[in-house]
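A short write-up of the structure that comes next.
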Amino acid sequence: MENFEFYNPTKVVFGKGQIERLKDLVPKTRVLMLFGEGSIKTNGVYDQVKNALSSHEIIECGGVQANPTYEKAMEVLELIKKEKIDFILAVGGGSVIDTAKFLSLAAFFPGTPWSILTNREQTYSKALPFACVLTLPATGSEMNCYFVLSRGDEKLSGGHSLLYPVFSILDPSVSFTLSQKQVGNGVVDAFVHVLEQYLTYPAQAPLQDRFAESVLKTLIEEGPKSYSRLDNYEARANHMWCATMALSSVFGVGVPQDWSTHQIGHELTALYGIDHARTLAIVLPAMLWSMRNEKRQKLMQYAERVWDLKGSDEELIQRAIRRTSDFFESLGLPTKLLSYDLKENPTEKVIARLLARGFTPMGEKQQVTLEKVREVLEFAKR
Ligand code: NZQ
Ligand code: ZN
């Protein structure tokens, strides 16, 4: 096992009716309530939050889009400065929470805020405190310190240990109004978060492996129930907690990680607007196939322990990858690029962008070269 530090100070308040806890959890300061494009107004979450905070001074700001933009964040930053905000309450999915995280750093940042995303060497000593009311189980942003923001056709990620939410309220019932597509996306995003921390090479970390396998198995059991009946509380509760755990670092510590599927996926979203999780469903099976020799031992472990498969090595690996694709497809996510009506072949564009960012080679052993990316995208087309 590699050396590691584990730090996750986010308080999670989970369950039905927990939004009313806001009245005690939110400090009596100048609070910005940040939200998306309106789902919280139609599903009652807005009213629940406002009622809970009836004795607080709240400044509201909506309009954060899915795949949130830098431009919108800059608009909100002005408001934060003008209104002298000292606490942000993000009410929504990953896009709203990620915007709050960026703002939290940008509020005290003396330079050009975009450089928070382009220059990872910068140091920060202060961030605006923020908290979340989660409405969509997928990204894990509610209990981690990462964020993703877009500007034009750039989609970049950042992170800092100052960016853990102070608390997150997770009431699965507020996600009943999600569409089936969003629920399927949420299960797959969480599933791939686990795989990017698990499917590398053995690192003598059996606890991390078993944590990861337990989340994968739970998503395989509960994900389809959460997807097929949108108001199934128990299934959604398990889906939601899995998604939170999947990217909260508990099993990513002390082990190698491989975020190449996400890195390629972010380019596909930036170029073609394909939903985040849907890009992962396209890239991951092709990546596993392309890297099957490098990931051989963990793929076999995955096949045996997660999918309960038995057989010869090559057969095990092939069947595990097939089961993974079938799982994504069963949740409504296509696993082939052909299913999207792209007007061009994305391969060379994606490669050029990864190269320009200095992201390659990627993967746990830096073996995902540009050649491999080409192979993955060509395979994903078929
Ligand atoms: O804007 P509103 O009207 O609220 O509608 C949203 C949005 O259109 C809607 N929605 C949210 N909760 C709802 C609801 N509709 C009905 N009922 C509800 N209860 O869902 C749509 C998608 O929301 P969004 O927040 O964009 O989805 P998600 O949570 O999947 O977040 C995706 C973003 O997170 C980034 C992605 O790249 C993408 O930008 N990620 C963030 C990560 C992190 N911070 O750790 C990791 C991930 O890998 C990912 O990259
Ligand atoms: Zn993701």
Side-chain angles (χ1 to χ4, degrees), residues 10 19 34-46 48-49 61-70 72-73 90-102 104 117 132-151 154-160 163-165 168 170-197 230-231 236 239-240 243-249 252 259-270 273-281 283-284 333:
T10 301
I19 291 179
L34 186 67
F35 52 95
E37 294 200 287
S39 68
I40 67 162
K41 293 238 167 130
T42 49
N43 66 8
V45 174
Y46 175 86
Q48 284 190 53
V49 172
C61 180
V64 174
Q65 296 169 330
N67 298 315
T69 65
Y70 176 70
K72 176 68 188 180
V91 184
S95 294
V96 175
I97 300 173
D98 284 6
T99 302
K101 288 179 177 173
F102 174 76
S104 161
L117 285 142
C132 316
V133 174
L134 181 72
T135 64
L136 194 169
T139 63
S141 190
E142 64 278 8
M143 201 185 170
N144 70 36
C145 63
Y146 312 117
F147 62 98
V148 185
L149 217 62
S150 299
R151 186 182 196 183
E154 297 289 306
K155 185 174 170 82
L156 298 179
S157 56
H160 194 275
L163 296 182
Y164 287 94
S168 285
L170 277 56
D171 177 348
S173 59
V174 306
S175 71
F176 288 171
T177 49
L178 287 168
S179 65
Q180 209 170 31
K181 181 183 178 194
Q182 286 157 343
V183 174
N185 284 355
V187 176
V188 171
D189 194 18
F191 199 83
V192 178
H193 291 162
V194 183
L195 290 185
E196 301 249 51
Q197 299 165 83
L230 295 174
D231 62 353
R236 186 63 49 73
H239 165 184
M240 188 172 262
T244 303
M245 284 292 106
L247 201 47
S248 62
S249 299
W259 288 94
S260 52
T261 292
H262 267 71
Q263 284 172 313
I264 298 171
H266 282 169
E267 300 301 342
L268 292 174
T269 300
I274 303 172
D275 291 351
H276 170 64
R278 299 175 105 76
T279 66
L280 307 177
V283 177
L284 184 93
L333 285 86

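Each ligand, and each atom within it, is numbered from 1 in the order the structure gives.
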### Task
Could you give me the CA-CA distance, side-chain angles and deciding distance for D275 and K181, then say whether side chain to side chain contact (heavy atoms under 4.5 Å, CB included) is met?
CA-CA 10 Å; D275 291 351; K181 181 183 178 194; 3.3 Å; yes

### Task
Before giving the answer on side chain to side chain contact (heavy atoms under 4.5 Å, CB included), spell out for L230 and F176 the whole-Å C-alpha distance, their side-chain angles and the decisive distance to 0.1 Å.
CA-CA 6 Å; L230 295 174; F176 288 171; 5.9 Å; no

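Sorted by chain and number, the heavy-atom contacts of ligand 1 below 4.0 Å come from G36, E37, G38, S39, N43, V64, A66, N67, P68, G93, G94, S95, D98, T135, L136, A138, T139, S141, N144, Y146, F147, V148, K155, V174, S175, T177, L178, Q182, D189, H193, L247, H262, H266, H276.
Looking at N67 and S150, their side chains never bring a donor and an acceptor atom within 3.5 Å of each other. Side chains of N185 and H276: no donor on one and acceptor on the other come within 3.5 Å.
T244 places a side-chain N or O within donor-acceptor distance of the main-chain N or O of M240, the cut-off being under 3.5 Å. Of the possible polar contacts, one joining the Q197 side chain to the A246 backbone as a donor-acceptor pair under 3.5 Å is found. At least one donor-acceptor pair closer than 3.5 Å links the side chain of E196 to the backbone N or O of H262. T10 places no side-chain N or O within donor-acceptor distance of the main-chain N or O of Y164, the cut-off being under 3.5 Å.
If you run side chain to side chain contact (heavy atoms under 4.5 Å, CB included) between K101 and each of V148, N144, L149, only N144 comes through.
For the Zn ion (ligand 2), the count of nearby protein N, O or S atoms, meaning those under 2.8 Å away, is 4.
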